[in-house]
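Presented below is the structure to which this report refers.
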Amino acid sequence: MEENIKRIGILGGTFDPIHNGHLIMAEMIRGTFELDKVLFIPSGNPPHKKQQMVTDAQHRYNMVCEALKGNPYFEESRIEVDREGYTYTIDTLSVLNEQYRGIATLYYIIGADVLYDLLTWKDYEKVFKTCKFIAALRPGADREGFRERIRYLEATFSASILEAEMPLIEISATMIRDRVKEGKSIRYLVPDAVESYIKKEGLYLK
Ligand code: ATP
């Protein structure tokens, strides 16, 4: 019975824009944890970034679609893009939990630093009941502190957190936006189709 349960990874992000750092991380985690699918969920109106200017959700979603083409294990989701107002992870997880009940286990992929923010998330105890976490540890990170934090969250809140080793890929969306603005190349930092989309739509020029 257990064998039929699928394993679905969830990678949420602003994806402004999606870049090869996201794709490399998702592909490595998919392999390590034998995930059947990784769902990329661009945020609609992110509560944590409301101070900043974020590119229109439709553009960010379109770039995710372009980036994922050709990988049958990767799938984009409009779940947050289509929701009005601020979106919280628990709302998204509740929808997915309903959709995949009895069919799949959800693995929410986060960077190790997010382990220190989890308790600020809305309804975090419910979040811990709804999904497992995969926390990506990058080289140079405080491994002992990381493990201690995992032990604390597991012991106190019955969270389930798996640890993933990551190579250091120093690409960020901020770097991509800055480079476009400065007229520098973003080739090999984002998929070709994303680079073309950014050019065609004139994104990040100011
Ligand atoms: P920004 O520079 O605008 O803050 P970002 O590049 O961090 O953006 P997000 O959309 O915020 O992109 O990231 C989504 C998720 O991907 C986050 O969990 C983030 O930690 C992770 N991530 C982003 N870049 C990398 C990278 N180079 N290697 C591993 N994980 C990454």
Side-chain angles (χ1 to χ4, degrees), residues 9-33 35 38-68 71 74-81 86-89 92-93 106-118 120-121 124 127 131-143 146 149-150 161-182 184 186 188-191 194-195 197-198 203-204 206:
I10 298 167
L11 183 61
T14 318
F15 299 124
D16 192 14
I18 187 166
H19 54 70
N20 288 346
H22 296 128
L23 295 165
I24 293 167
M25 170 171 70
E27 181 64 5
M28 293 193 79
I29 286 178
R30 184 187 74 74
T32 305
F33 296 95
L35 302 178
V38 179
L39 215 47
F40 287 66
I41 310 187
S43 57
N45 201 356
H48 294 106
K49 293 206 175 180
K50 60 185 158 192
Q51 256 50 288
Q52 284 171 238
M53 285 292 289
V54 175
T55 307
D56 178 62
Q58 188 59 48
H59 278 316
R60 292 184 287 107
Y61 174 78
N62 290 345
M63 289 189 281
V64 169
C65 295
E66 289 297 326
L68 304 191
N71 186 335
F74 287 180
E75 195 178 300
E76 61 279 356
S77 165
R78 293 189 62 87
I79 201 166
E80 295 195 3
V81 168
Y86 296 137
T87 318
Y88 293 95
T89 303
T92 301
L93 283 170
L106 304 177
Y107 293 83
Y108 201 92
I109 301 167
I110 53 172
D113 47 319
V114 176
L115 285 180
Y116 296 90
D117 299 336
L118 280 182
T120 67
W121 287 18
Y124 60 86
V127 168
C131 69
K132 296 175 189 286
F133 281 89
I134 296 175
L137 184 66
R138 294 154 114 183
D142 168 15
R143 182 183 303 270
F146 174 72
R149 184 71 182 166
I150 290 180
I161 304 169
L162 305 168
E163 183 182 329
E165 293 281 346
M166 276 299 117
L168 188 59
I169 313 280
E170 286 286 21
I171 306 173
S172 68
T174 307
M175 176 204 267
I176 305 296
R177 294 193 300 273
D178 288 349
R179 291 183 68 89
V180 172
K181 198 170 157 191
E182 291 159 9
K184 291 179 180 160
I186 54 167
Y188 308 127
L189 298 174
V190 299
V194 172
E195 185 189 9
Y197 187 96
I198 291 171
L203 302 180
Y204 311 123
K206 43 183 179 206

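For ligands, and for the atoms within them, numbers begin at 1 and follow the listed sequence.
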Hey, is ligand 1 close enough to [X] that some N/O pair sits below 3.5 Å?
X      : value
Ile169 : yes
His19  : yes
Ala173 : yes
Met25  : no

Before giving the answer on salt bridge (Lys or Arg N to Asp or Glu O under 4.0 Å), spell out for Glu165 and Arg143 the whole-Å C-alpha distance, their side-chain angles and the decisive distance to 0.1 Å. CA-CA 10 Å; Glu165 293 281 346; Arg143 182 183 303 270; 2.4 Å; yes
Whether Ile171 lies under 4.0 Å from ligand 1, heavy atom: yes
Per-atom contacts, ligand 1 versus Arg177 - under 4.0 Å to a heavy atom: 3 (O)
Any residue meeting side chain to side chain contact (heavy atoms under 4.5 Å, CB included) with Lys132, in chain and number order, not counting sequence neighbours: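 Here the qualifying residues are Thr105, Tyr107, Ser160.
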Taking side chain to side chain contact (heavy atoms under 4.5 Å, CB included) as the definition, give me every residue that meets it alongside Ser172, ordered by chain and number, with sequence neighbours left out.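 Partners of Ser172 under the side chain to side chain contact (heavy atoms under 4.5 Å, CB included) test: Thr174, Met175.
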On a heavy-atom basis, I'd like to know which of Gly12, Pro17, Ala112, Gly111 is closest to atom 15 (C) of ligand 1. Gly12
Please compare Met166, Arg138, Met175, Met28 and report which has the shortest non-hydrogen distance to atom 25 (C) of ligand 1.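 The option holding the nearest heavy atom is Arg138.
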Is the Tyr197 ring parallel, tilted or perpendicular to the His59 ring (thresholds 30°, 60°)?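 Perpendicular.
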Just one of Lys181, Arg179, Arg177 clears the side chain to side chain contact (heavy atoms under 4.5 Å, CB included) bar with Tyr204, so which one?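 Of the listed options, the one satisfying the test is Arg177.
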